[in-house]
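What follows is a short report on a single structure.
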Amino acid sequence: MKHWLMKSEPDAFSIVDLERVGTEPWTGVRNYQARNYMKQMRVGDGVLFYHSSCAVPGVVGIAEVATEAFPDPTQFQKKSPYFDPKSTPEEPRWWCVDVRFVRRFAEPVTLAALRGEDRLEGLALLQRGSRLSVIPVANGHWKTILALAGG
DNA sequence: GCCAACGTTGGC
DNA sequence: GCCAACGTTGGC
């Protein structure tokens with residue numbers, strides 16, 4: 001089983017929102033590398049839910065992959081901000097997965113805390129200039145972050 | 001294929 | 001709001 005980290009701006013969709021709805025299609029990813037990672041996802045993979053572009057960025061809880069990748073429906077919706085006129089149903093360009101809530105951390109593991117942890121060296125999130133919204137997380141890094149969250 | 005211009009991300 | 005970093009676009 002693989003592990004991932006997925007970013008969301010809490011103003012748009014937070015861990016509280018995910019807890020309320022239970023399962024959410026992760027639509028709107030328009031970056032090829034992030035898309036390719038989602039295509040690699042398998043049902044049951046663990047996901048670190050990360051709040052970005054907010055007062056205290058950090059990992060706020062855990063989710064899991066609930067479906068294999070499927071074509072992101074928003075790419076075909078003309079009124080959607082994620083509409084892509086170059087995409088066709090026969091050859092979809094963008095894919096998404098369903099993400100299911102697992103649990104919320106009692107206290108977020110802040111970006112500052114992540115940066116202060118030697119054992120997280122190499123975590124793509126912490127690399128200079130990294131803006132990917134879907135990131136693979138090594139097994140050891142996953143365990144370390146869960147430990148920082150209190151187990 | 002190169003590269004300048006532009007738009008976006010995201011921490012601070 | 002600022003700005004560094006990055007991805008994409010499009011002219012040539």
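So you know, we letter chains A, B, ... as the sequences are listed, proteins then strands, and number each from 1.
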Any salt bridge (Lys or Arg N to Asp or Glu O under 4.0 Å) involving residues 82-95 of chain A? Give me the pairs, sequence neighbours left out, ordered by first then second residue.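 Only A:D84-A:R93 qualify under salt bridge (Lys or Arg N to Asp or Glu O under 4.0 Å).
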Polar atoms only, N or O, under 3.5 Å: list the protein pairs with nucleotides 6-12 of chain B and their distances.
| unit_1 | atom_1 | unit_2 | atom_2 | d |
| --- | --- | --- | --- | --- |
| B:dT8 | O2 | A:R131 | NH1 | 2.5 |
| B:dG10 | OP1 | A:K7 | NZ | 2.8 |
| B:dG10 | OP1 | A:R131 | O | 2.8 |
| B:dG11 | OP1 | A:Y50 | OH | 2.7 |
| B:dG11 | OP2 | A:S53 | N | 2.9 |

Taking atom types as modelled, find out whether A:R131 and A:S52 have a side-chain donor-acceptor pair closer than 3.5 angstrom.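 The criterion, which ignores hydrogens and geometry beyond distance, is not satisfied for A:S52 and A:R131.
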A:W26: which of A:F49, A:W4, A:F70 passes ring pair (Phe, Tyr, Trp, His ring centres under 6.0 Å):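 Only match with A:W26 under ring pair (Phe, Tyr, Trp, His ring centres under 6.0 Å): A:F49.
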Within the distance-only criterion (no hydrogens, no angle test), does the side chain of A:T67 pair as donor or acceptor with the backbone N or O of A:D98 below 3.5 angstrom?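 The answer is yes, because a donor-acceptor pair under 3.5 Å joins these two groups.
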To the nearest 0.5 Å, what is the distance between NZ on A:K39 and CG on A:N36?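 Nearest 0.5 Å value for the NZ-CG distance: 6.5 Å.
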